[in-house]
Structures are given as C-alpha cells and as structure tokens.
Number of protein chains: 2
Amino acid sequence: MNNNQVLNERSLQLLKALVERYIQDGQPVGSRALSKDTELKLSPATIRNVMADLEDMGLIRSPHTSAGRVPTVSGYRLFIDSLLTVKPLDSEELKLLRKNLIAKDNVNDVIGIASRILSDVTRMAGVVTLPKRELVSLRHIEFLPLSNTRVLVIFVTNEQEVHNKILHTSKQFSPAQLQQAANYLNSVYAGLSLAAVRKAVLKELKDAQEQMNREMLDAVQMAKLALDPENSDEDYVLSGETNLMGFSELSDMERLKELFDAFSQKRGVIHLLDQCLNAEGVQIFIGEESGYHAFEQCSLVTAPYSINEQVVGVLGVIGPTRMAYEKVIPFVDVTAKLLGAALNPKT
Amino acid sequence: MNNNQVLNERSLQLLKALVERYIQDGQPVGSRALSKDTELKLSPATIRNVMADLEDMGLIRSPHTSAGRVPTVSGYRLFIDSLLTVKPLDSEELKLLRKNLIAKDNVNDVIGIASRILSDVTRMAGVVTLPKRELVSLRHIEFLPLSNTRVLVIFVTNEQEVHNKILHTSKQFSPAQLQQAANYLNSVYAGLSLAAVRKAVLKELKDAQEQMNREMLDAVQMAKLALDPENSDEDYVLSGETNLMGFSELSDMERLKELFDAFSQKRGVIHLLDQCLNAEGVQIFIGEESGYHAFEQCSLVTAPYSINEQVVGVLGVIGPTRMAYEKVIPFVDVTAKLLGAALNPKT
DNA sequence: TATCAGCACTCTATCCTATAGAGTGCCAGC
DNA sequence: GCTGGCACTCTATAGGATAGAGTGCTGATA
C-alpha cells in the first residue's frame, strides 16, 4: 500500500461505482463494466489506470490476474464513511416495524420480535442484546421465603421486566422480616440503576455497620447477595442465522462452523456488541475489523437502543461484507429507536 | 421389495457386519471387505448372493453399480431392534455425568449442562426439553401487585423452578386481598400438577360460582388466568448443533439450512420429542421415520426423564443416521436417569 | 444344492489437455 | 491525459483416457 497517490473526485466516484456494482452482483468488477456503469465517459483503459491506483492504495484488489477488482476492507470503510448515499427507509418496512414493535408484558417477547424483524427484512441475521441489568433501574424488590435459609428475591425493573433469583442466606428469616427488608430497600433505592444500587449497598455496608439497626443491615446484606452480578447474565437473541447459509462467501463449511460456534458461545459476540453501547448511533464492523476470526467474512451493523434516554442494549444485523449498507444502516437505526420506544414504560 | 426370501442366521450376521462396517467408515461396503470382516469363511461371490437377497428385501441398497452396499432405513431398523450389541457405558463418561449433572438452584442450568454433555460426549447435537409445566407440580403460588390492574404471579414448582407472569385483572386488588388469594390457593392446590390445578380450577368456577365467597372466587379466577397455557411455553435447549456441520452426509447446504431452520422454529422438533414422552425407555427415529423432511439424513435417539417418577421431559441426541448407536443408546439412557435425579428436589 | 473362481461389465473418480472467455498491463498515437 | 490495440495471464469448462472398485452371472466343484 502506497499513499502518495491522490484520491481525486474521479477516483472516488469510480470506487463508489465499483463497490456498488460488486455489492449488487458479487462478481469482481472489470474495467469495461465500470466504464458502462458511470456517467463519466471514460474508456476501459483509462479506468484500468485509475483502478491500478486504487489497488496501490489498498482500496481494491484483484482475486487473480484476469478477474476484475473487489473492494478491500479499507475500500468498504471509505465507501461507507464518505461515499455512501443512504436510502430513506422503505415505507412498508416502517409500517411493519410500527405494527409489530410494540410494548408487551414480556420484554423478551419484544426483543425476540425485534430480532426477527431485523433478520426477516434484511434476509441476514438479526441480533438484539437483552437490556443490561446493570443499566436498568430498580422499580421494586420483594423477598419470598422458600425453605430454611433459601429466599426467593424478585425484582421488577424499569422496563417492567421481572427477574428472580434464589439466595442462600446465612440465617433464617421470618416472612415479616423479609417484608420489612423489602420495604426498606424499596423506599431507599427504587428508581436507581441496579449498578448504582449495588454501589450504594456496598458503601452502606462498609461505612455504617455499627450505626445501622439490625433489620436494615439484614436488608442491605440481602440486597448485596441479590444484586451480585455473578456469571454475567448477559445474553442476546439471534434470529435468521440460517439466512447466512445462503451466501456464497460464507459457503465454506469450516468458516460457517466457526461462525455458528461463535454464535452459540456468545462470549465473543457479546463483547463485540458491547463495544457499540457507547457509540452515538450506527456503528459498523467490516470483516476483520471486528477482530474475530469467525467474523472475517462478515460485517456487523449495530445501533444502541435506550430506555428513558439511558442506553441499555444494542441491536444489529450480521451478514456478508457484501451487503446493501445503504438500506441496512437506516433500517438498523430506526429499529433501535422503535425498540427503545416499545420498551419504554408507559407510566 | 420382495419378502418371500428367508432371513436366516447367516444373512442377519452379514447385515450386522455390513451396518457396523458402514457406521465405522462411511464408505459403501463391498463383498470383499465383508468377507474379511466376518468369521464366516465365505467367498466374496457367495456374499454377493446374500447381499443381492438383502437388497431384494429392502435392507440395503447400492448407490450405484460399482459401489458396495449401504444400509437402508429398514436395514438400520432391523439392526437396531434385533442385531445391535449395546456397549456398556464408558466409565469416564459416567464419571463426567456424575460430576456435572448435579442439582442447581436454576433448573435451566441443569438442563443446559445435560444438553452440553450430550453433545460433547457424542460429538453430535444434544437436545433436552424443559420440564413440561403441565406435568410439574405446584409448590407455592404468590401474587404481587404491580400497578392498578396488573398483578405479578409467581409460582414455584416441584423442581424448585420459579415461573412468573404478569396478569391483567379486571378489577383492582389490595395487597391484602392478593395475599389472601394466594393463601387460599396454596392451601388447596399445593402439590398437584399444574394441569390438575387448572382442571380443578375450571371445575370450581363452573360448579360453585354462587356458593363461593367473594375472596375465594377472586383467587380461583386469578389462578385461572395464571395457569392459562397460552402460546405453548414449550421449549428445549439444543447444544452442539455445529457438530453436525462436520458430517459429510449433512454437508449439502440446502439440507443443512433446512435442518437448522427446523432447530430454530422449534415447533417440529418439539412435536417429535413429545412423541417420546410416553415411551418406556430409549426411542429412536431413523432418517425419514421422523416424518420431517429436514431430518431425513438424521437419526434421533431419545429418552424421557422424570421428576418424582413423573415423566416431565425428553432428552436426546441428533446426528447422522450413520452413528454409533451401540454407544449413543446407553449414554442417552443413563443421562436421562441422572438428569431426573439431579432435578429431583432433595426435600 | 451350496459354494466359489473367473470374467465381462458398469460406474466413478481422477488426471490431462484443449479451448474459450474475461480482464489486465503496457505502449504508442492522438 | 486519454484511448485503441495487443500480448499475456488466469480461470472455468468440457472432453477423453485410464485406473480402480465392485457387481452379476456362469459354469465347475464337492
């Protein structure tokens, strides 16, 4: 790669045409085809010169001597960042989103629907992370005695989701004691994010052990157990993975297995998606940019979604690098916004 | 297919050898190989005669003239039902099961572990259905007011699993009323299976509308809502699907996509597994026997598992028809028993 | 009558070669 | 700086030859 070339208007226009053409039909693009595609009246020979320059700059490459050129990751990156003309969202698709992406009693249902719509519309794989518990705020907490030292803790969060967990306490509590503990916690902590609650709880335990009365101490200690993040309960809902089996660039079984393994391990995918939590809007990983070998032939288009203006999760589309970015990007963007809206509690 | 042939001892012995050989190395088995494999001192020519008979009977077939023979579904069926010599369980595998398949607070964790062990050990796909709510018995029910007419119902079942659901009630209840309703239900119905509870509840509503006091009626009506089976919450945990990508008989992308689609739709797979709920022990579907096109190249080896001697779910292994049944069958069998043990409440 | 050696036949898989087609790089002329 | 022309390269495809595996059948044998 050699950067003392100039990327003038014409080269960019040709790069754009090449990427668009390649995305459209998946074949390496030759100079003759490009000459016909653009309104610049240039002969194939001239275009070949420009293409040689683009290749020097590492933006395109040729699979072999007598094939045309295909975009490299840098080529796609430049295309997406500077050349792409995003298409407005299809009104049918918007209608579909508005019709189906609505509030439900069960958050998982909404997440599942979002994931499915993403995959159905794009005909690629859709992924939506569950709202991060950490970031979601506590609405209500409750303790139920199960047996001896086992206590069921139930907490209702911001987005009307109910979580439960079984605690093993060091001593036995009466139902009344548990009720009292819950009352205390609700009065003090309701409305804070779970992360904030945990932080406050830890502080309280550290600062005020002696001054606290017995009941409050019990309550706080139980809250500590209840909010223990434990083995990251982070998860996502994936849909339409099988759509990826149709793409020729992913038809190598080794690769495909690696990709699907990554999907079921979840760890790597979650890590990748987490990187998009703080992005302003749509963020894109092209091929090897993700840093995961399994995703080398794939691109990931993501957008964070929010509840009450607080980002709590990420959704996105996974497909071959050769995808219709100009349609996928706005679609992912809007879906994220509408998912946030559907998850916002109405009260 | 023509059945006026006689299946004598020798033919069966040869069929057995052929299936075993084919399972071992996946190549069509020729007369010469079979002649060496068996201790019957028969020349390839004689064996060819027998093979022609077996082919007439529809037990084996030849992919083309100059290939050997492979078993048909009927051939596999006969092999499994009458010829198979099941191997005792490997002690390492038993140790693995005993070590990992132990009681946990969370049923889903245990199910997940079982599924993973099934796939890891067999290097095929493992599947375990969640315990059917219907069949599991009620231990404890609780109502929590959420807001206005929304009530959170929580029920703890037999296997220590906690389920929750949001009800929309027609009128508003005070916490005390909800507590009273729960008390009533717990005193009357605890210990029955959810299906039995629902049945009793419906009967009560029908019979005794007038005689009942107001509170009990409310309680029963709420129970009815809570136990509504709704969109079948039946589900399963699948592991190691990607193992199936390694098998040459499943390497056709069309087929593979169909199979994975079936996995994510779940409906068909659940229906198939449900058929095994009432089987006495291990049940096997070979290829097209399942009745699902997606599974045409696959076999499914299943066994039901029980909690408190009540069958509540099914587990199994999915792999190519050409699998080591003599090892898989006992393994699935034992795993089902140990899963049942791990799910049994200790009290 | 059951078994078996021998043989002609069939089908597949593999390798080699030839050929057409697509696309390039470079050069010389405008 | 652009372009037509041309030699060159590489791929994909088809055809043909060959080796190998395995079969079915026949006629001989015990």
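Labels below follow one simple rule: chain letters A, B, ... track the order of the sequence lines, proteins then strands, and each chain is numbered from 1. None of the values given here were measured: they were computed from a predicted structure.
- Between Arg21(B) atom CZ and dG22(D) atom C1' the separation is 14 Å, expressed in whole Å.
- Taking atom CE of Met51(B) as the reference point, atom P of dC25(D) lies 15 Å away to the nearest angstrom.
- Taking the six-membered ring for Trp and thresholds of 30 and 60 degrees, His271(B) and Tyr292(B) have ring planes more than 60 degrees apart, a perpendicular arrangement.
- A salt bridge does not link Glu249(A) to Arg255(A): none of the charged side-chain nitrogens sits closer than 4.0 Å to a carboxylate oxygen.
- For Lys257(B), the NZ atom counts as densely surrounded, since its 6.0 Å shell holds more than 12 non-hydrogen atoms of other residues, nucleotides or ligands.
- At least one donor-acceptor pair under 3.5 Å links the side chain of Ser115(A) to the backbone N or O of Ser239(A).
- Residues passing the side chain to side chain donor-acceptor pair (under 3.5 Å) test with Ser62(B): none are found, sequence neighbours excluded.
- Closest-nucleotide positions on DNA chain C for Asn49(A) and Pro28(A) were compared, and the one nearer the 5' end corresponds to Pro28(A).
- In this structure, the separation between OG on Ser35(A) and NZ on Lys41(A) is 8.5 Å, given to the nearest 0.5 Å.
- One atom, CG of Asn8(B), and another, P of dT1(C), lie 16 Å apart when rounded to the nearest Å.
- You'll find the ring centres of Phe260(A) and Phe263(A) inside the 6.0 Å limit.
- Within residues 34-48 of chain A, the residues that have a heavy atom under 4.0 Å from DNA chain D are, in order of number, Lys41(A), Leu42(A), Ser43(A), Ala45(A), Thr46(A), Arg48(A).
- What separates OH of Tyr22(A) from P of dG23(C) is a distance of 14 Å, to the nearest Å.
- Atom CG in Asp53(B) sits about 12 Å away from atom P in dC25(D), given to the nearest Å.
- A close approach under 4.0 Å does not occur between any side-chain nitrogen or oxygen of Arg32(B) and OP1 or OP2 of dA5(C).
- For DNA chain D, the residues of residues 60-72 of chain B within the heavy-atom distance limit of 4.0 Å (strictly under) are Thr65(B), Ser66(B), Ala67(B), Gly68(B), Arg69(B), sorted by number.
- Glu289(A) places a side-chain N or O within 3.5 Å of a backbone atom of Ile286(A) that can act as its donor or acceptor partner.
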